[in-house]
Amino acid sequence: MSITAVRVAPLLWRCRFGAPCQCFATLSVRAKSSKVYASADDAIHDMRDGATLCVGGFGLCGIPENLLQAVQRKGVKDLTAVSNNAGVDDFGLGKLLQTRQIRRMISSYVGENKNFEAQYLSGQLEVELTPQGTLAERLRAGGAGIPAFYTRTAYGTIIQQGKNVIKYGPGGAKSGEVEIMSEPRESRDFDGRGYVMERAITGDFSLVKAWKADERGNLVWKGTARNFNPDCAVAGKVCVAEVEEIVPAGSLSPEEIHLPGIYVQRLIQGESYEKRIEKRTISSGSGGIQIDAKRELIIKRAAAELTDGMYVNLGIGMPTLVSNYTRPGVRIELQSENGLLGIGPYPMEDQVDPDLINAGKETITMIPGSSTFSSSDSFAMIRGSHVDVTILGAMEVAANGDLANWIIPGKMVKGMGGAMDLVSSDSRVLVVMEHLAKGGRHKLKQKCDLPLTGARVVDRCITEFGVFDFVTTGPEAPPTLVEIAPDTTVDAVREATGFEFQVPEDLKTMLAK
């Protein structure tokens, strides 16, 4: 721990002349009023086995690299880690998974961490998958002393029903044996709509990363590295923050402080930062996009849904390309779940910033008027229906508008990320996807076979065969094929579709002028 010369209360002792004497003794201890520690190891000296850690970061952006390395060195085990995801196999929280120090992960997204997925499917790791916005709010609520709250997110899914596997038995997913199942959520109707109750999260330690701090623990973030860090910071009994620079108190103006020091108990200056980038995405500079004709038709048609002034959230994959095809004169603002409003184009090589990524972990730039914020603020925008349109992909869409796009039980676990939050709001939900799965299997089905992301949430689905509209309120009714691709027939669409649908007399052609 950091060493400071401290003057303590007078001690009564005998001086060299033999007479009682009051003198001040100087001891080498850290002043209790000082939050600055000498090293990451000192800052977590009292962490014990079985602790719950709230760990900031999104992907590899804004993760507390030095503190996580210290946890690995300390060797504490049976940890519960609360974090949006677990880094990658050999970096961030992924290192603690490699050393088997984590017993349970509470996360929204497994992503590209193959070790994370493998440990879960083999029954070695407990995984409590939680919608991303719900996770952020559970942390924020924990720090605010709110024990629980209600949300539309996950209503009608296995998360609400308590049918999500937290831990498989010794034989793993292949054996079908389940050791721990999630608990059903309490639900309640408000104004005729269903909500689920979610409990707040608090931890023994918060491990967070900021760009800059003053000696009083006030924190400032840079770019999208803020993400889950403020929400994790407030939820821990002891918050340990690592920063790139510590400045004297008073150096930061009150207006630029993102998190007041009252939430931060310990502070270190990181020794070094790798700041690894998951998806280094560079602009070609030509402005051209190489894409096959089938996908281009889908993306162009989706772009036609966007009108000037809209706030739009684009999911990972094909949806991210939609903004490249907006019509002339249409200006939209893209919202990213990890805490950015106003996403710009991919950067040139000399513009790449590891502290600036989108929700797909790709490097990006900002536009004039952009703003950054925490994950809980980001999902307040989403849940509060301030985002006009959400465009995302799907594995399955049912005739009643049900959506499934986050898990294949026992086989593939990516996590729901922010999708459950996005589709449970009142924003318009557009699905863009290829019409058929591998082997010609139906993706548009009478009923979803996979666990739902949301019940009756899809307003419109756009494929290379056509455009379908769904009835999402009131009595269930068949979807309507409102537009057809220029190179196909209604009979061909029927053969490729797993549900019955209506066809209007004035059926339009996609992108016809």
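None of the values given here were measured: they were computed from a predicted structure.
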Below 30° counts as parallel, above 60° as perpendicular, anything between as tilted: where do the rings of Phe58 and Phe228 land?
parallel
Short side-chain to backbone donor-acceptor contact, Thr326 and Val322, under 3.5 Å
no
Hey, which of Lys443, Lys445, Arg441 is the one that makes salt bridge (Lys or Arg N to Asp or Glu O under 4.0 Å) with Glu396?
Lys445
Please tell me if the side chains of Arg185 and Gln161 come closer than 4.5 Å, counting only heavy atoms from C-beta onward.
no
Kindly say whether Gly342 contributes a backbone atom to a donor-acceptor pair with the side chain of Ser370 at under 3.5 angstrom?
yes
Heavy-atom pair of closest approach, residues Ala394 and Asn405
CA-CB, 3.7 Å
Heavy-atom check, side chain of Cys461 versus side chain of Met433, under 4.5 Å:
yes
Would you tell me whether Glu337 and Asn313 have side-chain atoms, one donor and one acceptor, within less than 3.5 Å of each other?
yes
What's the verdict on side-chain contact (heavy atoms from CB on, under 4.5 Å) for Met510 and Val467, showing C-alpha distance, side-chain angles and the deciding distance?
CA-CA 8 Å; Met510 292 173 68; Val467 179; 4.0 Å; yes
Please assess Arg152 against Val196 for the test side-chain contact (heavy atoms from CB on, under 4.5 Å), listing each intermediate value before the final yes or no.
CA-CA 6 Å; Arg152 285 273 302 153; Val196 297; over 6 Å; no
For Tyr168, check ring-ring contact (aromatic ring centres under 6.0 Å, His included) against everything at least two apart and list the hits.
Tyr120
If every non-hydrogen atom of Arg460 is compared with every non-hydrogen atom of Arg301, which pair is closest and at what distance?
NH1-NH2, 3.2 Å
Side chains of Met197 and Tyr150: closer than 4.5 Å at any heavy-atom pair?
yes
Among side-chain atoms of Ser376 and Asp231, is any donor-acceptor pair under 3.5 angstrom?
yes
Could you tell me which non-hydrogen atom of Gln160 sits nearest to which non-hydrogen atom of Ala154, and how far apart they are?
CB-O, 3.5 Å
Donor-acceptor pair, Thr480 side chain versus Val482 backbone, under 3.5 Å?
no
Nearest 0.5 angstrom please: Leu392 CG to Leu403 CG, how far?
5.5 Å
Check: Ile316 main-chain N/O paired with Thr320 side-chain donor or acceptor under 3.5 Å
no
Tell me whether the centres of the aromatic rings in Tyr195 and Tyr155 are closer together than 6.0 Å.
no
Kindly determine whether Thr390 and Arg428 satisfy side-chain contact (heavy atoms from CB on, under 4.5 Å), including the steps that lead there.
CA-CA 6 Å; Thr390 292; Arg428 183 167 170 78; over 6 Å; no
Looking at Glu434 and Lys294, is there a salt bridge between them, counting it only when a charged N and a carboxylate O are closer than 4.0 Å?
yes
With heavy-atom distances below 4.5 Å as the criterion, would you say the side chains of Val312 and Val387 are in contact?
no
When you compare the side chains of Asp491 and Thr489, does any donor N or O come within less than 3.5 Å of an acceptor on the partner?
no
Using only atom types and a distance under 3.5 Å, with no angle test, would you say the side chain of Asn227 pairs donor to acceptor with the backbone of Gly57?
yes
Do Val55 and Pro64 come within less than 4.5 Å of each other through their side chains, counting heavy atoms only?
yes
Specify the closest pair of heavy atoms between Thr307 and Arg327, including all atoms of both residues, with the distance to one decimal.
CG2-NH2, 4.1 Å
Okay, side chain of Thr488, backbone of Ala485: is any donor-acceptor separation there less than 3.5 Å?
no
Do the charged groups of Arg276 and Asp90 touch, with an N to O distance under 4.0 Å?
yes
Does a salt bridge link Arg280 with Glu349, judged by any charged N lying under 4.0 Å from a carboxylate O?
yes
Which heavy atom of Met412 sits nearest to which heavy atom of Ile407, and what is that distance?
O-CG1, 3.4 Å
Between Glu278 and Leu60, which heavy-atom pair has the shortest distance, and what is it?
OE2-N, 3.4 Å
Please check if the side chain of Asn229 supplies one atom and the backbone of Gly62 the other of a donor-acceptor pair under 3.5 Å.
yes
In terms of side-chain geometry, is the basic nitrogen of Lys167 or Glu179 positioned less than 4.0 Å from the acidic oxygen of its partner?
yes
Can a salt bridge be assigned to the pair Asp506 and Lys508 using a cut-off of 4.0 Å between side-chain N and carboxylate O?
yes
Decide whether Arg100 and Gln124 meet the rule of one side-chain donor and one side-chain acceptor closer than 3.5 Å.
yes
Walk me through whether Phe116 and Met105 qualify under side-chain contact (heavy atoms from CB on, under 4.5 Å).
CA-CA 9 Å; Phe116 187 170; Met105 285 293 310; 3.8 Å; yes
Quick one: do the Ser374 and His258 side chains pair a donor with an acceptor below 3.5 Å?
no
Salt-bridge test for Lys275 and Asp355: reply yes if a basic N is under 4.0 Å from a carboxylate O, no otherwise.
yes
Aromatic plane relationship, Phe470 with Phe468 - under 30° parallel, 30 to 60° tilted, over 60° perpendicular
tilted
Non-hydrogen side-chain atoms of Arg103 and Glu126 separated by less than 4.5 Å
yes
Under a 4.0 Å threshold between the charged nitrogen and the carboxylate oxygen, would Lys222 count as salt-bridged to Asp353?
yes
With a 3.5 Å cut-off and no angle check, do the side chains of Asp421 and Thr153 form a donor-acceptor pair?
yes
Checking the side chain of Lys414 only, and the main-chain atoms of Trp406 only, is there a donor and an acceptor separated by less than 3.5 Å?
no
Looking only at the side chains, is there a donor atom on one of Asn84 and Ser108 sitting less than 3.5 Å from an acceptor on the other?
yes
Are Phe499 and Leu444 side-chain neighbours, meaning at least one heavy-atom pair lies under 4.5 Å?
yes
Per the salt bridge (charged side-chain N to carboxylate O under 4.0 Å, His left out) rule, what does the pair list look like for residues 128-139, sequence neighbours excluded?
Arg104-Glu128, Glu128-Arg138, Glu137-Arg140, Glu137-Arg383
Report yes if the side chains of Glu362 and Ile357 come closer than 4.5 Å at any heavy-atom pair, otherwise no.
no
